[in-house]
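Fair warning: this is a prediction, and the values are worked out from it, not measured in the lab. Letters A, B, ... are given to chains in the order of the sequence lines, protein chains preceding strands, and every chain is numbered from 1.
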There are 2 protein chains.
Amino acid sequence: MSTANTPNPPNTRRLLLDEAARVLAEEGPAALSARRLVKAVGASTMAVYTHFGSMPGLVREVMREGIGRFEDRVGVVGEGDDPVRELVELCRVYQEFARAEPEVYAVMFGGSAMAGFELTEDDRQMGVRLLRYPRNAIRRCAAAGRFRSDADADLLVRQLFAQMHGLAQLAHAGYIIGVYGPDDVLAGTLRDFAVAAGDDPERAAASVRSGLAG
Amino acid sequence: MSTANTPNPPNTRRLLLDEAARVLAEEGPAALSARRLVKAVGASTMAVYTHFGSMPGLVREVMREGIGRFEDRVGVVGEGDDPVRELVELCRVYQEFARAEPEVYAVMFGGSAMAGFELTEDDRQMGVRLLRYPRNAIRRCAAAGRFRSDADADLLVRQLFAQMHGLAQLAHAGYIIGVYGPDDVLAGTLRDFAVAAGDDPERAAASVRSGLAG
DNA sequence: TTATGGGCATAACGCTGTTATGACGCCGTT
DNA sequence: AACGGCGTCATAACAGCGTTATGCCCATAA
C-alpha cells in the first residue's frame with residue numbers, strides 16, 4: 001500500500017476538493033469548472049482526471065464528503081428520555097445542514113443537474129442509510145407509547161424524509177416566504193407528524209418546542 | 001399591434017419551444033443546447049437570441065408554459081361535497097404533473113441548475129399563485145367541520161406544499177424505493193395531514209382512498 | 001543502476017453560450 | 001410609389017467548457 005490515502009503533503013487532490021467545495025458554496029454550481037479549480041490550486045486540467053476521472057467524479061467526491069459531514073452532525077444527537085424530542089432534533093439538524101451547505105445538499109438528493117452528474121445506486125444507498133437515525137427514533141417513540149404501537153416506522157420515515165427534503169429545497173429556492181417562514185413550517189410539520197402518529201397534541205407541541213430550541 | 005403573438009405561420013419561436021420541451025422531457029436538461037435546437041428547426045443560433053434573449057430566457061419560457069399546463073390540470077378539479085377528497089385530488093394532480101413532466105417541474109420549483117438559469121421573483125409569484133387552489137380547499141375543509149375551525153390555511157398549505165414537493169423530487173431522484181413506493185408515501189402523508197388538521201381518521205382514510213382513485 | 005509507474009504540463013479536439021455584423025423582407029408612412 | 005424602420009435571421013467569430021493523447025519528470029522497487 002502506498003501513501004495514496006494519507007494526505008501527509010498538501011496534495012493536489014485535497015486542494016481541489018476544498019476549492020471545489022468553496023466555489024460551490026460561495027458561487028453555486030454554475031461557477032464550478034475544471035479550469036477554474038486547477039488554476040486556483042496552480043495545477044493543470046489533467047489533475048482533475050488523474051484524481052477523479054472526470055468532473056462529475058469530482059462532484060461525486062465532494063458529495064460523499066458532504067454525506068460524511070451530515071452523518072457527523074446527525075451522530076451527535078443523543079438519546080434521552082423524550083424520543084419525540086430526539087426525532088425533532090434530528091429534523092432540526094437536517095434542516096441546519098441543508099441551510100449550511102445548500103449546494104452540497106442539493107447534489108446529495110438529486111436537486112442539482114450539475115452538467116452531467118448523476119446519482120449512482122451507491123450514492124442513493126449512502127443517502128438512504130441516513131434514514132436509520134430517524135427510523136430508530138420513530139421506533140422508540142412507539143415503544144415509549146408516544147406513537148401508536150402499530151406505527152409503521154418504514155412508512156413514516158419516508159413521509160418524514162419527503163417533508164424535510166421538500167421544506168429544505170423550497171426554502172432554498174425562496175418559495176417559503178410571506179406570513180410563515182421555514183421555521184414556522186418546520187415546527188408545524190413536526191407537530192402534525194407526531195400528532196398524526198398518535199402523540200398527544202400538547203406533549204407533541206412541547207417536544208417540538210424543546211427539540212427545536214436546541 | 002403586429003402579428004407577434006398570433007402563431008399563424010409555423011414560426012420559429014413556437015418550433016424552438018416545442019423542440020426544447022421535447023428534448024428536455026426525453027433526454028434531460030444536459031441535452032438542451034442552443035445549437036441543437038436551432039439545427040432541429042432549421043435556423044441559426046441567432047433565433048434563440050432574437051426570440052428569448054438567451055438560453056436561460058428560453059428555459060424560462062418553457063417553464064412558464066409548464067406552469068400553464070399545471071394550472072390547466074389543477075383547474076379541472078371541481079368542488080363537491082367532500083372537500084378533503086378535493087384536497088387529495090389536487091395533490092394527486094400535483095404528483096401526476098411532476099411525474100409527467102419531471103424536468104419542467106424541477107425548473108419550476110428550483111430543483112434544476114440548468115446552466116445559469118435562476119428563478120426570478122415573478123417566477124416564484126407564479127408558483128405561489130398555484131397554492132390558492134389547495135388553500136381554498138383547506139378553508140372549505142375547516143368550514144365543513146372536517147378540519148379544526150381554527151386551522152390556519154396559510155400555514156397548512158405551506159406544510160402541504162413542502163410535503164408534495166419533497167415527495168415529487170425524491171421520487172424522481174429514485175430515493176423512494178423499497179418496501180413503500182411514492183404512492184404509499186403519498187397516501188400516508190395525505191391521511192396524516194388530514195388527521196393532524198382535525199379530521200376523523202376513518203373519514204380521512206376514506207377521502208384519501210376516494211381522492212387518489214381518480 | 002535500471003525499470004516501473006503515478007503525477008502532471010502542454011496542446012489540441014469538439015462542444016457550449018453569446019454577439020457583432022450585415023442582409024433580407026415586410027410594414028406603415030409620407 | 002418610394003421611403004424608412006424594424007423584426008428576423010445567416011454568417012462568422014470569441015471565449016470558455018470538458019476531455020484526452022502525448023510525453024516529461026521523479027520517486028520508488030528491483
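- Under the 3.5 Å distance criterion, the side-chain polar atoms of B:R158 are left unmatched by any main-chain donor or acceptor of A:P182.
- Here the C1' atom of nucleotide D:dG18 and the CG atom of A:L16 are 15 Å apart, to the nearest Å.
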If you apply the rule salt bridge (Lys or Arg N to Asp or Glu O under 4.0 Å), what do you find for A:E101 with A:R73, and how did you get there?
CA-CA 12 Å; A:E101 308 195 35; A:R73 285 176 182 248; 5.2 Å; no
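- Atom CD of A:E118 has 12 or fewer neighbouring heavy atoms from other residues, nucleotides or ligands inside a 6.0 Å radius.
- Protein atom CZ of B:R36 is 9 Å distant from nucleotide atom P of C:dT16, rounded to whole Å.
- Remark: of the listed residues B:H165, B:Q169, B:H172, B:H165 is the sole one forming a side chain to side chain donor-acceptor pair (under 3.5 Å) with B:Y105.
- Nucleic acid contact class of B:L32 (heavy atoms, under 4.0 Å, all strands): sugar-phosphate only.
- Here the closest heavy-atom approach between residue B:A153 and residue B:R139 is recorded as CB-CG, 3.8 Å.
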Pairs: protein N or O with nucleotides 13-15 of chain C N or O, under 3.5 Å:
none

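- Side-chain atoms of B:D184 come within 3.5 Å of backbone N or O of B:G181 as a donor-acceptor pair.
- For DNA chain D, the residues of residues 38-53 of chain B within the heavy-atom distance limit of 4.0 Å (strictly under) are B:G42, B:A43, B:S44, B:T45, B:M46, B:T50, B:H51, sorted by number.
- Here the P atom of nucleotide C:dC8 and the CG atom of A:L37 are 14 Å apart, to the nearest Å.
- The shortest distance between side-chain heavy atoms of A:D122 and A:R64 falls below 4.5 Å.
- Taking CG of B:D72 as the reference point, atom CD1 of B:I67 lies at 12.0 Å (rounded to 0.5 Å).
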